[in-house]
Enquirer: 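What follows is a single structure, and I will ask about it in a moment.
What you are looking at is a predicted structure, and each value in this text was computed from that prediction instead of being measured.
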Amino acid sequence: MEKKDRNKINRRNFLKIMGTGTVASAAVIYGCKPKNSVSAGGGSLGEVPTDKMTYRTNPHTGDKVSLLGYGCMRWPLRTNTKGEEEVDQDAVNELVDYAIAHGVNYFDTAPVYVRGWSETATGIALKRHPRDKFFIATKMSTHRDVPELRTLEGSVGMYHKSMKDLQVDYLDYYLLHGIGLGGMADFRKRFLDNKLLDFLFRERKAGRIRNLGFSYHGDIEVFDYLLAMDVQWDFAQIQLNYIDWKHASGWNTNAEYLLAELTKKNVPAVIMEPLLGGRLSRVPSQALDIMQQIHPQDTAAKWAFRYAGTPERVLTVLSGMVYMEHLQENIRSYSPLEPLNEEEYKALEQVTEVMLSSDYVQCTECQYCMPCPYGLDIPRVFAHYNRCVSASNILKSSKDDNYKKARKAFLVGYDRSVPKLRQADHCISCGICKPHCPQNIDIPTEMRRVDKYAENLKQEIEF
C-alpha cells in the first residue's frame, strides 16, 4: 500500500503545474530548462503554454480530444541491475505528467509496442491521474500471423489483457490494428470468420469500448470494405503528412483519398506518421531554406505538425515523443494550432518535390521488421543513413569537395548509432523482414546499398 501511495502523482504539484502560465515552475519537477528557449530542432521555442492546447470534438461521443496525441510506441528504455533492457518507468511518468499538465489527453498504445511493454508502462503512468483526465487508445494487434491469437478465444484474451495491463475497466478508443495488411483474406480470418468483430460491437454497446475504429495500412480494398459496412465507425487511424498526401508509397494509400472517404462517412481521423518516421523533421537544407523564407524561426517539425493538424476532420495527431524537448516543441505547435495558409501549402509542395528527389530510404522506423533473426538493427541503420542525407553528408563521388568531412561523419556516426554486429554488413538477404514493412521497402536491397556505401568509405575506394 505504501508503494502505491508513493507512485501516485502529488496532487498539489500537479495543480501547481496546471495553474501556471509558463513552464518555469515545472522545470524543477521535470528537469527541463526553465525558459525552454531552444527547440529540438535548434529553433526558438519560448514558453510552453499550459492552457492553449487546441482540441477537436468527436462527433459520436462528444469527447474533447487534444490535437496532439501521445504515441506510446517508443517509450524510453534503460538497463537494469541485471544488465537487461527495460522501460524507464520514471522517465515515462515524467513525460506523461508533463503532457497532461500541458493539455495532452489522448494516449495511443498497443500490445505489441515496445516489445510488449508499452501497455503496462502506459497504464502505470496514467493510473496516477484521475480517469477523466485522459483518453486511452489501444488495439487488437493480431496483424502478425500468430494462429493462437487469431482464434476468438485468443483475440478476446488479448483484449482483456490490454485492460488489465492498462489498469482500466473500459477503453476510450479501440482499434482493429493494421487492417489491410494481408488483404481481404487476412482481414476475414482476423475479424469475420472467428466472429471477433461481432464481439467488439457487443463490447461497444456494453460501454466497455467507448469508440471503435481501425488503423489502416495495406490493401485499399479492406479500407473501402469497412467504410461500406452498414455500421458507424467512431474513428479511423491513417497515415497523413505532406509527402503521403499525394505521393504515398509502399502499403500506404494517398491520404487525400483516405481523408475524403472518411469525411463522407462522418468518421474523424486520427493521424499517424506526421513526421514520416522523423524524416520530415530532418529535411535537406534546400527544403529547409524554402520553409525559412516564410518562417525563419520555425523548425521543419513544426511545419509538418501544422500540416497534419490543419484539416478539420482530424481528431488528433499522434507523435511518439521519447525526449522532453520533442514533447515541448510539439505542444507549442498546437498551443494553439495556426492552420496553414495558401502560401504555406505552396511552399510545402516545393518541399515535397525536393524530398521525393532525394536519396532517402523510405523507412519510418515503425519497427515492424523487427526483431531480425540475425540481430541486425534495421531501423537504426536506415535512420543513420537518412540523417546523413538530411545533412547533405551523403557523397555522390569520392572526389566531392567535402569528402573527408562527410566520410568521417558517416563512419563515426554509424558506429555510435548502431553496434557493429547489428550493422548492414551482417545482412544475409534472407528476406524475412520484407513482408512486414508497411512502406514495402526492399529491405535486403537497401541494406546492401548502405553496406556498399559504408565499405567504400571504410576502404577509401573511389566511386
Side-chain angles (χ1 to χ4, degrees), residues 9 11-59 62-71 94-108 126 129-130 132-135 172 240 268-271 274-275 281 291 294-321 323-341 344:
I9 183 171
R11 178 173 172 79
R12 181 178 299 174
N13 283 345
F14 181 72
L15 291 175
K16 181 179 179 182
I17 299 169
M18 287 294 290
T20 60
T22 72
V23 75
S25 62
V28 175
I29 298 174
Y30 296 106
C32 57
K33 295 180 180 179
K35 294 184 179 179
N36 300 311
S37 58
V38 180
S39 76
S44 176
L45 183 62
E47 295 176 354
V48 183
T50 59
D51 58 353
K52 292 183 171 57
M53 175 61 65
T54 298
Y55 293 89
R56 296 274 169 79
T57 301
N58 186 324
D63 291 344
K64 188 179 177 184
V65 180
S66 58
L67 188 53
L68 178 62
Y70 213 125
E94 289 181 357
L95 289 165
V96 169
D97 294 348
Y98 191 93
I100 291 178
H102 290 77
V104 177
N105 65 8
Y106 188 98
F107 295 83
D108 172 86
L126 289 174
H129 295 270
D132 62 356
K133 292 297 183 183
F134 60 86
F135 301 115
D172 299 288
L240 185 153
V270 172
I271 303 306
L275 296 180
S281 66
M291 298 173 176
I294 301 175
H295 298 296
Q297 301 301 317
D298 285 358
T299 64
K302 183 173 182 179
W303 275 83
F305 274 100
R306 288 180 60 212
Y307 183 94
T310 292
E312 293 182 0
R313 295 299 304 179
V314 168
L315 183 66
T316 189
V317 178
L318 301 177
S319 178
M321 298 165 284
Y323 303 107
M324 182 63 75
E325 58 266 32
H326 295 159
L327 174 58
Q328 292 169 343
E329 181 173 357
N330 294 347
I331 291 170
R332 280 279 292 179
S333 296
Y334 288 154
S335 296
L337 166 73
E338 296 176 20
L340 290 181
N341 59 38
E344 292 165 330

Enquirer: So, for R56 and G309, which heavy atoms are closest and what is the spacing to 0.1 Å?
Expert: NH2-O, 2.8 Å
Enquirer: With sequence neighbours excluded, tell me which residues meet side chain to side chain contact (heavy atoms under 4.5 Å, CB included) with T54.
Expert: L67, P336, L337
Enquirer: Where does the angle between the aromatic ring planes of Y98 and H102 fall among parallel (under 30°), tilted (30 to 60°) and perpendicular (over 60°)?
Expert: parallel
Enquirer: Looking at P268 and L315, what are the two nearest heavy atoms and their distance?
Expert: CB-CB, 4.1 Å
Enquirer: Measure from the side-chain N and O atoms of Y70 to the backbone N and O of M321, and report whether any donor-acceptor pair falls under 3.5 Å.
Expert: yes
Enquirer: Sequence neighbours excluded, which residues qualify as side-chain hydrogen bond (donor to acceptor under 3.5 Å, both in side chains) partners of S319?
Expert: N330
Enquirer: Let me confirm one number: the CZ-NZ distance from R332 to K52, rounded to the nearest 0.5 Å.
Expert: 9.5 Å
Enquirer: Do N105 and K133 have side chains that get closer than 4.5 Å, going by heavy atoms?
Expert: no
Enquirer: Does a side-chain heavy-atom distance below 4.5 Å link L95 with L327?
Expert: yes
Enquirer: Taking ring pair (Phe, Tyr, Trp, His ring centres under 6.0 Å) as the definition, give me every residue that meets it alongside F135, ordered by chain and number, with sequence neighbours left out.
Expert: none
Enquirer: Could you walk me through whether F134 and V96 pass side chain to side chain contact (heavy atoms under 4.5 Å, CB included), step by step?
Expert: CA-CA 10 Å; F134 60 86; V96 169; over 6 Å; no
Enquirer: Could I get the full list of salt bridge (Lys or Arg N to Asp or Glu O under 4.0 Å) partners for D63, not counting sequence neighbours?
Expert: R210
Enquirer: In chain order, what residues pass the side-chain hydrogen bond (donor to acceptor under 3.5 Å, both in side chains) check against S333, with sequence neighbours excluded?
Expert: none
Enquirer: Are the side chain of Y55 and the backbone of G103 linked by a donor-acceptor contact shorter than 3.5 Å?
Expert: yes
Enquirer: Stepwise, does the side chain to side chain contact (heavy atoms under 4.5 Å, CB included) test hold for F305 with T299?
Expert: CA-CA 10 Å; F305 274 100; T299 64; over 6 Å; no
Enquirer: Any salt bridge (charged side-chain N to carboxylate O under 4.0 Å, His left out) involving residues 300-316? Give me the pairs, sequence neighbours left out, ordered by first then second residue.
Expert: D298-K302, R306-E344
Enquirer: In Å, rounded to the nearest 0.5 Å, how long is the span from CG of D172 to CG of D108?
Expert: 12.0 Å
Enquirer: Please find the pair of heavy atoms, one from S335 and one from P49, that lie closest to each other, and give the distance.
Expert: O-CG, 3.8 Å
Enquirer: Identify, with sequence neighbours excluded, every residue that meets side chain to side chain contact (heavy atoms under 4.5 Å, CB included) alongside A304.
Expert: Y242, L275, L280
Enquirer: Measure from the side-chain N and O atoms of T316 to the backbone N and O of S66, and report whether any donor-acceptor pair falls under 3.5 Å.
Expert: yes
Enquirer: What pair of heavy atoms forms the shortest contact from V314 to I271, and how long is it?
Expert: CG1-CG1, 3.7 Å
Enquirer: Do Y334 and V317 make a side-chain contact, defined as non-hydrogen atoms from C-beta onward lying under 4.5 Å apart?
Expert: yes
